[in-house]
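In this text the structure is predicted, and so the values were computed from the model without any measurement.
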Amino acid sequence: MGRKGRIRFATVWLGGCSGCHMSFLDLDERLVELAGLADMVYGPFMDAKEFPRKVDVTLVEGAVTNRANLAMALMLRERSRIVVSLGDCAVTGNVTSLRNQFPVADVLATFLSCGEGSVPAMDYDAVPELLPRALPLHQVIAVDGFLPGCPPEPERIWTAIGCLLRGEPVELGPEQLTFG
């Protein structure tokens with residue numbers, strides 16, 4: 001728990017388009033309500049440099065696509081009480097995993113050659129190395145729940161957050177996966 005028993009809440013953006021975080025921002029004035037209920041301790045809209053310890057709830061957008069995503073996934077699982085896959089890329093791999101039908105070298109060659117002939121070496125000191133396959137989050141770490149959608153509707157996100165903050169099971173309806 002955060003200050004005075006408040007929930008410590010985080011969001012993480014792995015290999016995805018940021019659409020889930022845009023949907024999160026579409027909570028609009030409910031973000032002010034969330035700020036009254038929880039301490040936002042990490043996310044792409046914050047200036048935190050390292051994922052903190054003792055996080056109560058973490059929503060994770062995106063598939064695990066590279067070594068940096070893998071390291072972040074392992075760290076956030078170790079430091080979070082509840083981890084939720086947010087959106088179809090985190091839940092199934094979705095669009096991000098379309099590259100899985102090709103070897104990484106072929107994927108990189110398409111972008112690195114730019115029609116100039118030979119393919120230059122990738123500078124992995126500057127850019128995280130791609131994993132052989134883009135993976136949904138639950139294939140890398142234990143996940144406590146899934147919030148599907150591309151992106152999930154803000155109302156579904158808010159319903160799930162509200163239940164999590166109250167310590168209640170999340171029930172989003174028959175078309176949605178349930179956890180809790």
Considering only residues two or more places apart or on different chains, which pairs with a residue in [range] satisfy salt bridge (charged side-chain N to carboxylate O under 4.0 Å, His left out)?
{"range": "residues 13-34", "value": "R30-E155"}
{"range": "residues 90-110", "value": "none"}
{"range": "residues 128-142", "value": "R67-E129"}

Separation of [Y] [atom2] from [X] [atom1] (nearest 0.5 Å):
{"X": "L31", "Y": "W158", "atom1": "CG", "atom2": "CH2", "value": "7.5 Å"}
{"X": "T96", "Y": "L135", "atom1": "OG1", "atom2": "CG", "value": "11.0 Å"}
{"X": "I141", "Y": "M75", "atom1": "CD1", "atom2": "CE", "value": "12.0 Å"}

Check the pair L59 / F9 against side-chain contact (heavy atoms from CB on, under 4.5 Å), numbers first and verdict last. CA-CA 8 Å; L59 304 182; F9 184 83; 3.7 Å; yes
Any residue meeting ring pair (Phe, Tyr, Trp, His ring centres under 6.0 Å) with F102, in chain and number order, not counting sequence neighbours: none
For residues 9-24, which residue pairs pass the side-chain hydrogen bond (donor to acceptor under 3.5 Å, both in side chains) check, not counting sequence neighbours? T11-H21, H21-E61
Taking N66 for its side chain and A68 for its backbone only, find out whether a donor-acceptor pair lies under 3.5 Å. yes
So, R8 side chain and R53 main chain: donor-acceptor pair closer than 3.5 Å or not? yes
Looking only at heavy atoms, what is the nearest atom pair of [X] and [Y], with distance?
{"X": "L147", "Y": "A160", "answer": "CD2-CB, 4.0 Å"}
{"X": "A10", "Y": "V41", "answer": "CB-CG2, 4.3 Å"}
{"X": "C20", "Y": "P152", "answer": "SG-CD, 3.6 Å"}
{"X": "P136", "Y": "V91", "answer": "CB-O, 3.4 Å"}
{"X": "R81", "Y": "D144", "answer": "O-OD2, 3.6 Å"}
{"X": "A73", "Y": "L137", "answer": "CB-CD1, 3.9 Å"}

Mind checking salt bridge (Lys or Arg N to Asp or Glu O under 4.0 Å) for R79 and listing every partner two or more places apart, or none if nothing turns up? E50
Steps toward side-chain contact (heavy atoms from CB on, under 4.5 Å) verdict (Y42, V55): CA-CA 9 Å; Y42 189 86; V55 176; 6.0 Å; no
Within-4.5 Å side-chain heavy-atom neighbours: [X] and [Y]:
{"X": "P154", "Y": "L27", "answer": "yes"}
{"X": "H138", "Y": "V140", "answer": "no"}
{"X": "V143", "Y": "V60", "answer": "no"}

Any chance you could pull the hydrophobic cluster mates of V95, using side-chain heavy atoms under 4.5 angstrom and chaining through other members? L98
With sequence neighbours excluded, what pairs up with A71 under the side chain to side chain contact (heavy atoms under 4.5 Å, CB included) test? none
Which residues share a side chain to side chain contact (heavy atoms under 4.5 Å, CB included) with L165, sequence neighbours left out: I7, L34, L37, A38, I161
Let me see the working for L14 and T65 under side-chain contact (heavy atoms from CB on, under 4.5 Å), right down to the final yes or no. CA-CA 8 Å; L14 300 179; T65 63; over 6 Å; no
In short, ring-ring contact (aromatic ring centres under 6.0 Å, His included) pairs touching residues 62-91 with sequence neighbours left out are none
Apply side chain to side chain donor-acceptor pair (under 3.5 Å) to T92 and list each qualifying residue two or more places apart in sequence or on a separate chain. none
Residue set satisfying side chain to side chain donor-acceptor pair (under 3.5 Å) with S80, at least two apart, ordered chain then number -> T58
